[in-house]
Amino acid sequence: MGGTCDPRFAALREAFAANFTERGEPGGAIALMVDGRLVCDLWGGYRDAARTREWTRETLVNFFSVGKAFTALVALRLVERGLLDLDAPAHCLWPEFGCNGKETITLRHMLSHRAGLPAIREDLPDGAMLGWSRMAEALARQAPWWEPGTAHGYHVNTFGYLVGELVRRASGGTIGEILRDEIAAPLGADVHIGLPSAEHYRAAEFLWPSVLPERPPGVLDGDALMKWNTYWNPPGISGAGWVNRPEWRSAEIPSTNGHGTARGIARVYAALAAGGAIDGVDILSREMLAAATEEQSFGPDRILERESRFALGFQLPQAERPLGPNPQAFGHFGAGGSLGFCDPVARVAFGYVTNDMGPRWQNPRNKALLAAIYGSLGV
């Protein structure tokens, strides 16, 4: 294990080490910032399945849905500028979208997983998720699976295309470009949506089976089709079979293929923990951040089949999945247990990345890390 850790957070170092010795962690990193100061920056394990290449300070990895929060930040910056409106019909910017029952869908619906578009009905070929226009056009043709605004369901893979197309039409830029130029670069945060080919050598191999799951026998329709297509239409949209390919890393799939370091994630959240700005770099105004972290959706999730809770692009704490003891915390988990969050009350910001597809809901690795953080703080 490499890196540094303030002695005050020795329990966090021990919990991270135990992830490798007791909880099967193959490779990963953590970073904790308190009051804007980096107090823990640790990495360990291996960046490949063969365990021949050690994880280093500069290793990047796919952090999956952690990127949804960064996607939301880009959109919210445009709302602040008046380029996007949370409550205007999306078709005002995206005319092709205003059909088949989508006429009332807004950016707010998209950010809070209430748009009714978690999946695409028409069968798309494997690899189609790499083509932005193809995915946007398919979503523009799609009819909602439920009446927009009346329920919520986690838009696992479509979230980034929906929000990103509005961003593109409003600004002329992509989620990845704006994240890089206006957030990551000014902060010095090593996070990317659309990883430049020159940086691919730093990316860890993600340990996920390359074989796609078999479609259930029989004809799928209704909710069964919606849930299957959410994860597997096009077949590789969740990353299976693609996550370690250069084409995947280079593409912009904002819901799913963000890459970065734990330190980079924590740096972005440190700005949010401080009210939207740090070291002279403004991410969001306090007023916009307050609006962005208000609850929008809570209750039964049409996709996850359990309760979920969302603000505008951020996940909020719930009893079954807390982010520490303070209800003001917010952030986003990613597949495999990766996590970015901040707690403005405790003034902490945290990033955790892994290259293993561990449990998605109750992940013992990130649970142990969170417990150690707040134990060290005496909370």
- Go through the steps to decide whether Leu76 and Leu111 satisfy the test side-chain contact (heavy atoms from CB on, under 4.5 Å), and finish with yes or no. CA-CA 10 Å; Leu76 293 167; Leu111 289 171; 4.3 Å; yes
Taking atom types as modelled and ignoring hydrogens, do the side chains of [X] and [Y] form a donor-acceptor contact shorter than 3.5 angstrom?
| X | Y | answer |
| --- | --- | --- |
| Asn157 | Thr230 | no |
| Glu80 | Ser285 | yes |
| His109 | Thr104 | no |

Below 30° counts as parallel, above 60° as perpendicular, anything between as tilted: where do the rings of [X] and [Y] land?
| X | Y | result |
| --- | --- | --- |
| Phe350 | Tyr352 | parallel |
| His152 | Phe310 | perpendicular |
| Tyr269 | Phe70 | tilted |
| Phe159 | His113 | parallel |
| Tyr374 | Phe341 | tilted |

- Decide if atom CZ of Arg286 counts as having more than 12 heavy atoms of other residues, nucleotides or ligands within a radius under 6.0 Å. no
- Query: What do you reckon, is CD of Glu199 surrounded by more than 12 foreign heavy atoms closer than 6.0 Å?
  - Reply: yes
With a 4.0 Å cut-off, would you call [X] and [Y] a salt bridge?
| X | Y | answer |
| --- | --- | --- |
| Arg267 | Asp279 | yes |
| Asp6 | Arg37 | yes |
| Asp301 | Arg306 | no |

Mind checking whether [X] and [Y] have side chains closer than 4.5 Å, heavy atoms only?
| X | Y | result |
| --- | --- | --- |
| Glu122 | Gln142 | no |
| Met288 | Val79 | yes |
| Tyr154 | Ser308 | no |
| Leu84 | Leu93 | yes |
| Thr174 | Val167 | no |
| Thr256 | Ile237 | no |
| Met1 | Trp43 | no |
| Pro234 | Arg134 | no |

Identify the heavy atoms of [X] and [Y] that sit nearest to each other, and give their distance.
| X | Y | answer |
| --- | --- | --- |
| Cys99 | Ala140 | SG-O, 3.3 Å |
| Gly340 | Val66 | N-CG2, 4.1 Å |
| Ala277 | Ala274 | O-CB, 3.4 Å |
| Asp356 | Gly24 | OD2-O, 4.5 Å |
| Ala372 | Ala11 | CB-O, 3.5 Å |
| Ala266 | Ala31 | CB-O, 3.7 Å |

Do [X] and [Y] belong to the same hydrophobic cluster, where Ile, Leu, Val, Met, Phe, Trp and Tyr are linked whenever their side-chain heavy atoms lie under 4.5 Å apart, directly or via other members?
| X | Y | answer |
| --- | --- | --- |
| Met33 | Ile183 | no |
| Phe9 | Phe20 | yes |
| Leu38 | Leu272 | no |
| Val345 | Ile278 | no |
| Trp248 | Leu195 | no |

For [Y], is the NZ or CZ atom of [X] found under 6.0 angstrom from the centre of its six-membered ring and inside 45 degrees of the ring axis?
| X | Y | value |
| --- | --- | --- |
| Arg309 | Phe298 | yes |
| Arg168 | Trp94 | no |
| Arg321 | Phe333 | yes |
| Arg245 | Trp242 | yes |

Donor-acceptor contact present, side-chain [X] to main-chain [Y], <3.5 Å:
| X | Y | answer |
| --- | --- | --- |
| Glu103 | Gly101 | yes |
| Ser238 | Ala240 | no |
| Arg365 | Arg23 | yes |
| Lys102 | Phe97 | yes |
| Asn62 | Phe206 | no |
| Lys68 | His332 | no |
| Asn233 | Ile120 | yes |
| Asn326 | Gln328 | no |
| Trp228 | Leu220 | no |
| Asn355 | Ala204 | no |

- Task: Only one of Arg202, Arg263, Arg180 passes salt bridge (Lys or Arg N to Asp or Glu O under 4.0 Å) with Asp190; say which it is.
- Result: Arg202
Could you tell me the separation between the [atom1] atom of [X] and the [atom2] atom of [Y], rounded to the nearest 0.5 Å?
| X | Y | atom1 | atom2 | value |
| --- | --- | --- | --- | --- |
| Asn244 | Glu205 | CG | CD | 5.0 Å |
| Leu312 | Leu86 | CG | CG | 6.0 Å |
| Ser297 | Leu316 | OG | CG | 9.5 Å |
| Ile105 | Arg108 | CD1 | CZ | 15.0 Å |
| Cys342 | Leu289 | SG | CG | 7.0 Å |
| Arg114 | Thr106 | CZ | OG1 | 10.0 Å |

- Query: Trp132 and Tyr161: aromatic ring centres closer than 6.0 Å?
  - Reply: yes
- Task: Walk me through it: do Met110 and His155 pass the test side-chain contact (heavy atoms from CB on, under 4.5 Å)?
- Result: CA-CA 8 Å; Met110 294 174 180; His155 286 44; over 6 Å; no
- Task: Kindly indicate, with the supporting measurements, whether the criterion side-chain contact (heavy atoms from CB on, under 4.5 Å) is fulfilled by Leu339 and Leu323.
- Result: CA-CA 10 Å; Leu339 172 63; Leu323 291 169; 4.0 Å; yes
- Name of the residue among Ile373, Thr4, Val34 meeting side-chain contact (heavy atoms from CB on, under 4.5 Å) with Val39: Val34
- Query: Would Glu320 and Gln362 count as a side-chain contact (heavy atoms from CB on, under 4.5 Å) if you check the C-alpha gap in whole Å, the side-chain angles of each, and the deciding distance to 0.1 Å?
  - Reply: CA-CA 8 Å; Glu320 304 84 357; Gln362 298 289 351; 4.0 Å; yes
